[in-house]
Structures are given as structure tokens and as C-alpha cells.
Chemist: 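Attaching a single structure in C-alpha cells format; questions to follow.
What you see below is based on every heavy atom in this structure, not just the backbone, and it leaves out hydrogens, waters and symmetry mates. Order of the sequence lines fixes the chain letters, A, B, ..., with proteins taken first and strands second; residue numbering starts at 1 for each chain.
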Number of protein chains: 2
Amino acid sequence: MARKTGSNGEKTARDLRRAATSLFARHGYAAVSMRQIAQAIGVQAGALYLYTPDKQSLLADLMATHMTELLDAWQAEADAGAAPEDRLEQFVRFHIGFHAGRPDEVFIAYMELRNLEPDNLALLQKQRRAYEDVLEDILKSGVAAGRFDIPDTRLATMALIAMLTGVTTWFRSGGRLTLEEIEETYLSMVRGAVGLT
Amino acid sequence: MARKTGSNGEKTARDLRRAATSLFARHGYAAVSMRQIAQAIGVQAGALYLYTPDKQSLLADLMATHMTELLDAWQAEADAGAAPEDRLEQFVRFHIGFHAGRPDEVFIAYMELRNLEPDNLALLQKQRRAYEDVLEDILKSGVAAGRFDIPDTRLATMALIAMLTGVTTWFRSGGRLTLEEIEETYLSMVRGAVGLT
DNA sequence: GTCTATATTACGATAGAC
DNA sequence: GTCTATCGTAATATAGAC
């Protein structure tokens with residue numbers, strides 16, 4: 001009971017982020033008004049400005065938070081000492097699992113880059129690049145160990161991330177395939193694509 | 001000289017489509033105003049309504065035209081009688097080549113679905129599905145012929161199209177790699193992913 | 001912390017002159 | 001075919017009461 005009666009700030013702050021994430025993903029940042037967000041959480045539009053200095057900062061914060069969580073989650077479970085093929089498998093499972101559980105955040109992180117102002121865009125591109133480098137490092141180590149057959153690790157990185165991230169555009173929990181089945185299929189395609197026998 | 005002096009309608013109509021395509025791709029449909037489009041082609045905002053009944057129709061028309069051109073272009077060069085692995089190669093080269101030459105249209109076709117009104121969305125999803133079926137038919141024929149090793153052709157279709165379309169997000173003519181080099185690399189990754197030896 | 005009220009600006013679309 | 005002018009609406013953001 002850290003908060004006073006009638007004071008709802010922390011809950012409203014959480015609701016705001018959740019509502020904005022959902023609305024931005026569904027309709028796009030530019031198409032969503034502050035009034036819509038306010039209505040979704042049951043406050044007046046003016047009250048939103050207690051929690052964010054402006055609409056742009058809200059978008060930038062949602063995107064940066066998502067990328068930070070992504071990078072932290074990987075750091076927490078990565079095993080840098082494992083063999084390249086095992087690290088690749090771990091990455092594929094991690095990427096699909098993490099992204100499938102956050103379809104709205106992923107959608108925003110990929111679709112709303114163009115609505116970020118320059119400073120915010122620069123930060124996000126740095127974070128994306130750091131995540132791409134995670135996979136590229138794995139591919140490089142596999143090539144160095146003679147386990148992977150990849151002419152250009154940068155190109156393969158972009159290709160594989162695009163393939164894996166695409167899952168979020170059509171995956172729905174409870175659909176035709178379980179996440180485990182999808183992971184298996186994608187893993188075998190990724191293995192084939194990098195030339196693992 | 002089919003047109004009268006001082007009459008510029010056909011050129012303006014072309015300019016309108018080109019400017020709208022560029023602006024929608026760069027900033028997003030919802031973020032672009034009719035005034036911006038008008039300014040880009042040097043007319044007043046009101047004049048745009050001589051060429052489109054409204055902003056939504058303009059978007060829907062651009063997207064449907066792109067998909068129609070994509071499907072027609074494939075029909076014009078597809079060789080349905082060839083062996084599965086040859087048809088797959090042809091599709092990969094076609095897809096990369098066609099999409100790399102139209103980055104703005106591709107961007108819009110994938111990003112602005114959520115801004116289409118229901119009737120327009122239904123048409124576009126039908127067209128997308130038809131294009132996805134092109135690849136899935138190839139994969140199915142390869143599986144039937146014992147040439148491809150694919151547990152789920154629908155899943156593989158979505159994965160491969162996501163991978164191939166991703167090229168447009170970073171490919172720039174004159175960059176580090178030529179389109180031919182990219183085609184070769186992607187082709188070898190696709191071959192591996194479908195289990196072609 | 002949330003409210004009402006409002007300043008300011010911009011939007012999509014239309015009317016009618018030329 | 002394009003213009004100017006404008007209607008009606010809605011946007012972001014702020015001010016100040018409670």
C-alpha cells in the first residue's frame with residue numbers, strides 16, 4: 001500500500017503504455033490521436049501529459065524499451081562458449097519465442113521507424129544494429145569453424161532475421177501450428193540456409 | 001500531340017501517383033496530408049480531387065495497381081512446365097528483381113494494409129494470397145517430386161517470402177553488393193532452406 | 001491526479017471563379 | 001484544369017480550477 005487513496009498514477013502510467021502499444025500497432029502512430037489513447041484508458045486527453053512530455057516521446061520510449069528488453073533477454077540466456085550450431089539453434093528459438101510473445105511491440109519497432117525524430121531514430125538504429133550483430137557473430141564463428149557455408153555473413157544475417165521476424169505477422173496462439181512446431185520448422189530451414197548438413 | 005495547349009491532366013495524374021507513392025513510403029499514409037502531395041507536384045490541394053475521389057481511394061489504387069503488376073509480371077514469364085528446382089530459382093530471381101526495383105511500392109503494400117478500409121483490404125489480401133500461392137505451388141510440386149524436404153509448405157512459403165522481401169529494406173543500387181550477387185546468395189540460402197542438395 | 005476549457009494549428013473535402 | 005477561399009472538424013498541447 002505505497003500509494004494514497006484516490007491516487008492512481010502508477011496504474012495509469014502502465015495503462016497508458018499498454019493502450020498506446022496496442023493502438024499504435026493496430027492503426028499506426030500517425031493515425032492514432034492522444035484523445036483515442038486517453039479514451040482507451042478512461043482519462044481525459046490532457047491527463048496524458050502527466051506521463052509523457054509529448055506524443056513523439058511516448059513512441060520513442062515504447063520502442064527503446066522494447067529493444068532494451070530484447071537485448072537484455074538475450075544477454076541473460078546467451079551461452080557464448082557453446083558451439084556455433086548450438087548458438088545458432090539457441091538464437092533461432094529465442095528470437096521466435098521472444099517475438100511471438102510481443103507481436104505489437106515488434107510491429108511498432110519495425111513499422112514506426114519513419115515516424116521517429118532524428119535523435120530517437122539514431123538510438124533505435126544503434127540498438128537494432130547491436131541485435132543484428134548478435135546473429136552475425138554467431139554466423140562468423142560458424143564460418144571460422146568451418147561449420148557454416150555462407151558467402152556473406154552480413155547478407156545472411158539480414159535474410160535470416162527477416163525470415164524469423166516474419167513469424168509475428170501471421171502467428172496466432174491457438175492456430176494451426178504450435179510455437180514448438182514452428183520453431184522446429186524454422187530451425188531446419190535456417191540450418192539448411194547456412195549450409196549445415 | 002493528343003492534348004491541348006495548357007492542358008496537363010495526364011502528366012498531373014502521373015505526378016500525383018508518383019508523389020503519393022514516394023511520400024506514403026517515406027512518412028506513412030496517415031502522416032501525409034493532401035496538401036503535402038499537392039505541394040510536391042506543384043498544384044493546389046483542391047486540384048487533387050480531379051484525379052482521385054478521396055485520399056483512401058488513392059492509397060487503395062496504388063496498392064492494388066502494384067499487386068496487379070506483380071502478378072501480371074510473373075504470369076508473363078512463368079514457365080509452369082519446368083522442373084521444381086528451376087521454377088524455384090526463377091521465382092527467387094523474379095521476386096528479388098521485381099521488388100528491388102520498386103522499394104516504395106513494396107513498402108506501402110506491406111505497411112499500409114492497416115490503413116485500408118474493409119473492402120479495399122479484402123481485395124488486397126486476395127491478391128497477396130494469390131501471389132503466395134505461386135510460391136507454395138512450386139514448393140508443393142517439389143515435395144511431390146521428392147526434390148524438396150519441407151514439412152509444411154505453407155509455413156515455408158511465408159518464411160521464404162519474408163526473407164526475400166526483406167531485401168527491399170536495405171538494398172540500395174550502387175551499394176556494397178550488386179543485385180546479381182544478392183540473388184546468388186539468396187538463391188543458395190533458399191535452396192538450402194528447402195533441403196535441395 | 002484529473003478535470004474542463006481553450007489556444008492554435010492543421011486536416012480532408014467542396015464551391016465557384018476563371 | 002487549376003485557382004482561391006472556405007466549411008466543418010479534429011489534432012496536439014497548455015492553463016488553471018479542484
Chemist: Could you give the CG-to-P distance, from A:Leu16 to C:dT2, as a whole number of Å?
Modeler: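 Checked: the CG to P distance equals 11 Å.
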Chemist: Send over the distance from B:Asp54 CG to C:dA13 C1', rounded to a whole Å.
Modeler: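 Result: 9 Å.
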Chemist: Under 3.5 Å, is there a donor on one side chain and an acceptor on the other for A:Ser57 and A:Asp54?
Modeler: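 Checked: A:Ser57/A:Asp54 side chains pair up, N/O donor to acceptor below 3.5 Å.
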Chemist: How close or far is atom C1' of D:dA13 from atom CD1 of A:Ile37, stated in whole angstroms?
Modeler: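 It works out to 13 Å between those atoms.
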Chemist: Mind jotting down which residue pairs meet the ring pair (Phe, Tyr, Trp, His ring centres under 6.0 Å) criterion with at least one end in residues 115-142 of chain B? Sequence neighbours excluded, please.
Modeler: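 Residue pairs with at least one partner in residues 115-142 of chain B: B:Phe91-B:Tyr131, B:His95-B:Tyr131.
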Chemist: Would a distance-only check, ignoring hydrogens and angles, find a side-chain to backbone donor-acceptor pair under 3.5 Å from B:Glu117 to B:Gln56?
Modeler: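 Looks like no, no N/O pair under 3.5 Å.
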Chemist: Between B:Arg154 and B:Asp133, does the salt bridge (Lys or Arg N to Asp or Glu O under 4.0 Å) criterion hold? Intermediate values first, please.
Modeler: CA-CA 9 Å; B:Arg154 187 78 207 148; B:Asp133 286 345; 3.5 Å; yes
Chemist: Quickly work out the A:Leu48 CG to C:dT2 P distance and round it to whole Å.
Modeler: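 Rounded to the whole Å, the gap is 10 Å.
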Chemist: Check this one for me: any side-chain N or O of A:Thr12 less than 4.0 Å away from OP1 or OP2 of C:dT2?
Modeler: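 Yes.
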Chemist: Grab the CG-P distance between A:Leu50 and C:dG1 for me, whole Å please.
Modeler: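 Going from CG in A:Leu50 over to P in C:dG1 covers 7 Å.
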Chemist: Between protein and nucleotides 3-6 of chain D, what N or O pairs are separated by less than 3.5 Å?
Modeler:
| residue | atom | partner | partner atom | Å |
| --- | --- | --- | --- | --- |
| D:dC3 | OP2 | B:Gln44 | N | 2.7 |
| D:dT4 | OP2 | B:Gln44 | OE1 | 3.4 |
| D:dT4 | OP2 | B:Gln44 | NE2 | 3.2 |

Chemist: How many angstroms lie between atom CG of A:Leu16 and atom CZ of A:Arg14, to the nearest 0.5 angstrom?
Modeler: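 Those atoms lie 12.0 Å apart.
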Chemist: Give the rounded distance in Å between these two atoms: NZ of B:Lys55 and P of C:dC11.
Modeler: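 Rounding to the nearest Å, NZ of B:Lys55 and P of C:dC11 are 9 Å apart.
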Chemist: Looking at B:Ser33, does any N or O in its side chain come under 4.0 Å of the phosphate oxygens OP1/OP2 on C:dA10?
Modeler: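 Negative; the distance criterion is not met.
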Chemist: Would you mind reading off the distance between B:Gln56 atom CD and C:dA13 atom P, rounded to a whole angstrom?
Modeler: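 Between P of C:dA13 and CD of B:Gln56: 10 Å.
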Chemist: Between A:Thr68 and A:Gln127, is there a side-chain donor-acceptor contact under 3.5 Å, judged purely by atom types and distance?
Modeler: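 Yes, side-chain donor-acceptor contact under 3.5 Å.
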Chemist: Check the phosphate of D:dT2 against B:Tyr51, side-chain N and O only, distance under 4.0 Å to OP1 or OP2. Yes or no?
Modeler: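 Looking at the OP1 and OP2 atoms of D:dT2, one of them is under 4.0 Å from a side-chain N or O of B:Tyr51.
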Chemist: Measure the distance from CD on A:Gln36 to P on D:dA11 and round it to the nearest whole Å.
Modeler: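 Atom-to-atom, A:Gln36 to D:dA11, this comes out as 7 Å.
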Chemist: Give the table of side-chain donor-acceptor pairs shorter than 3.5 Å for residues 44-51 of chain A, with sequence neighbours excluded, one pair per line with atom names and distance.
Modeler:
none

